[in-house]
Amino acid sequence: MYRKIGILCAGDSELAPFLPHLEHARTSEKALLKFYEGTLCGLPAVLLYSGVCKVDAAIAAQILIDTYRADAVINAGTAGGMDPSLNIFDTAVSTAVAYHDVADDILTDFHPWLESIWFPADPALRACAEAAAAKQPLEYPARFGRMVTGEAFITDDGRQEINARFAPLTVDMESAAVAHVCHANGVPFLAIRTVTDTADHSGAGNFELNCERASAIAKDVTLALLREIQNA
């Protein structure tokens with residue numbers, strides 16, 4: 001189905017759980033980023049962490065596509081829970097992603113001339129993720145829904161406004177930027193993000209406390225998706 005899967009994480013702790021599973025690994029560097037190429041769940045893959053924020057994620061996504069010829073990109077890692085029904089270590093899988101801090105007409109009236117502010121997830125990747133989630137029992141549930149991205153770590157400030165306007169499952173600092181690049185290049189995209197903090201357990205401290213375990217869970221969900229692709 002895909003010649004090469006790109007796995008893009010924001011931080012090194014989010015990438016780390018994937019690396020022991022990468023076979024025949026080799027590394028290279030470009031634009032101050034380190035890329036890991038090899039085979040993941042039997043599929044050719046290239047993995048990296050981009051650094052935090054929209055610009056870093058966009059740089060990494062474009063290089064994945066242009067230089068490493070990734071023809072599908074999965075943004076895997078962690079996120080803040082926004083939907084009150086989400087608990088820490090639940091995983092959100094994107095149906096669509098948007099920026100919560102970019103004016104709507106920037107994306108609809110100018111490049112990339114979207115019909116709405118939402119970048120939809122690739123239907124085939126989403127279907128494989130749904131099939132994988134249904135087959136593999138998970139300690140914590142996987143939920144499918146909308147995510148939003150912005151240039152700030154959301155604690156209490158701004159939470160109510162974001163929820164009122166977008167009603168997202170999660171918030172992060174990279175996924176919409178990766179989706180934006182993929183959309184412009186016609187490359188399938190999906191985000192898989194495990195919750196580290198919520199309204200009830202908010203703050204950077206909870207992110208740090210829960211990041212390692214949440215990253216491992218996001219890895220498990222992502223690998224289950226890759227196995228579904230491999231077996232399709």
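Contact of the W113 side chain with the T108 side chain is not registered, since no non-hydrogen atoms from C-beta on lie closer than 4.5 Å. Y68 is listed as a side-chain neighbour of S28, based on a closest heavy-atom distance under 4.5 Å. Taking the side chain as every heavy atom from C-beta outward, L40 and F18 approach each other to under 4.5 Å. Between Q230 and Y2, the closest side-chain pair of non-hydrogen atoms is not below 4.5 Å. Counting heavy atoms from C-beta outward, L114 and H183 have side chains that approach closer than 4.5 Å. Between T67 and K30, some side-chain heavy-atom pair lies under the 4.5 Å cut-off. M147 is not listed as a side-chain neighbour of P168, based on a closest heavy-atom distance of 4.5 Å or more. Side chains of I65 and R69 form no contact here, defined as non-hydrogen atoms less than 4.5 Å apart.
To the nearest 0.5 Å, atom OG of residue S175 and atom CD1 of residue I74 are 13.5 Å apart. I59 CD1 to C53 SG: the interatomic distance, rounded to the nearest 0.5 Å, is 7.5 Å. To the nearest 0.5 Å, atoms OH (Y49) and CZ (F35) are separated by 11.5 Å. Here the CG-NE2 distance, from L47 to H21, works out to 11.0 Å after rounding to the nearest 0.5 Å. The distance from the CG atom of L15 to the NZ atom of K219 is 12.0 Å, given to the nearest 0.5 Å. Atom OG1 of T198 and atom CG of N210 lie 9.5 Å apart (nearest 0.5 Å).
Considering all non-hydrogen atoms of both residues, P188 and G186 come closest at CD-O, 4.0 Å. Shortest non-hydrogen contact noted between A61 and V178 is CB-CG1, 4.1 Å. For the residue pair G6 and A70, the shortest heavy atom distance occurs at N-CB, 3.9 Å. For the pair S50 and A60, the tightest heavy-atom approach, listed with the atom from each and the gap, is CB-CB, 3.5 Å. Heavy-atom minimum distance, A57 versus A177: CB-CB, 4.4 Å. The heavy-atom pair separating A218 from I192 by the smallest distance is O-CG2, 4.0 Å.
Exactly one of L33, I7, I63 qualifies for a side-chain contact (heavy atoms from CB on, under 4.5 Å) with L48. That residue is L33.
Each of V187 and L226 belongs to its own hydrophobic cluster when Ile, Leu, Val, Met, Phe, Trp and Tyr are linked at side-chain heavy-atom distances under 4.5 angstrom. Both L225 and L19 belong to a common hydrophobic cluster when Ile, Leu, Val, Met, Phe, Trp and Tyr are linked at side-chain heavy-atom distances under 4.5 angstrom. No continuous path of hydrophobic side-chain contacts links I5 to V46 [ILVMFWY only; heavy atoms under 4.5 Å]. By the criterion of side-chain heavy atoms lying less than 4.5 angstrom apart, applied directly or through intervening Ile, Leu, Val, Met, Phe, Trp or Tyr residues, V73 is not grouped with Y36; the two fall into different hydrophobic clusters.
Contacts of D101 classified as salt bridge (Lys or Arg N to Asp or Glu O under 4.0 Å), with partners at least two apart in sequence or in another chain: K54. Partners of D56 by salt bridge (Lys or Arg N to Asp or Glu O under 4.0 Å), not counting sequence neighbours: none found. Applying the side-chain contact (heavy atoms from CB on, under 4.5 Å) criterion to H100, with sequence neighbours excluded, gives V148, I154, I162, F166, V171. For E37, the salt bridge (Lys or Arg N to Asp or Glu O under 4.0 Å) test picks out K4, R26, with sequence neighbours left out. Residues meeting the salt bridge (Lys or Arg N to Asp or Glu O under 4.0 Å) test with D104, sequence neighbours left out: R165. In this structure, the side-chain contact (heavy atoms from CB on, under 4.5 Å) partners of A103, at least two apart in sequence or on a different chain, are D105, I106.
Sorted by first and then second residue, the side chain to side chain donor-acceptor pair (under 3.5 Å) pairs involving residues 70-81 (not counting sequence neighbours) are E14-T78, N75-R193. Screening residues 212-232 for ring pair (Phe, Tyr, Trp, His ring centres under 6.0 Å), with sequence neighbours left out, gives no hits.
Heavy atoms from other residues, nucleotides or ligands lying under 6.0 Å from CD of E212 number 12 at most.
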For residues 117-128, tabulate all N or O donor-acceptor pairs below 3.5 Å that involve a side-chain atom, not counting sequence neighbours.
{"unit_1": "D122", "atom_1": "OD2", "unit_2": "A124", "atom_2": "N", "d": "3.2"}
{"unit_1": "D122", "atom_1": "OD2", "unit_2": "L125", "atom_2": "N", "d": "2.9"}
{"unit_1": "R126", "atom_1": "NE", "unit_2": "E130", "atom_2": "OE2", "d": "3.2"}

Listing, residues 80-99 side-chain donor-acceptor contacts under 3.5 Å, not counting sequence neighbours, or none:
{"unit_1": "D83", "atom_1": "OD1", "unit_2": "S85", "atom_2": "N", "d": "2.8"}
{"unit_1": "D83", "atom_1": "OD1", "unit_2": "S85", "atom_2": "OG", "d": "2.7"}
{"unit_1": "S85", "atom_1": "OG", "unit_2": "R143", "atom_2": "NH1", "d": "3.0"}
{"unit_1": "S85", "atom_1": "OG", "unit_2": "R143", "atom_2": "NH2", "d": "3.1"}
{"unit_1": "D90", "atom_1": "OD2", "unit_2": "N87", "atom_2": "N", "d": "2.9"}
{"unit_1": "T91", "atom_1": "OG1", "unit_2": "T194", "atom_2": "OG1", "d": "2.8"}
{"unit_1": "S94", "atom_1": "OG", "unit_2": "A191", "atom_2": "N", "d": "3.0"}
{"unit_1": "T95", "atom_1": "OG1", "unit_2": "G145", "atom_2": "O", "d": "3.2"}
{"unit_1": "Y99", "atom_1": "OH", "unit_2": "H180", "atom_2": "ND1", "d": "2.8"}

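Counting Ile, Leu, Val, Met, Phe, Trp and Tyr side chains that sit under 4.5 Å apart, directly or through other members, V52 shares a hydrophobic cluster with M173. L32 belongs to no hydrophobic cluster, as no Ile, Leu, Val, Met, Phe, Trp or Tyr side chain comes under 4.5 Å of its own.
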Stepwise side-chain contact (heavy atoms from CB on, under 4.5 Å) check, I229 with L43: CA-CA 9 Å; I229 293 171; L43 298 171; 4.0 Å; yes
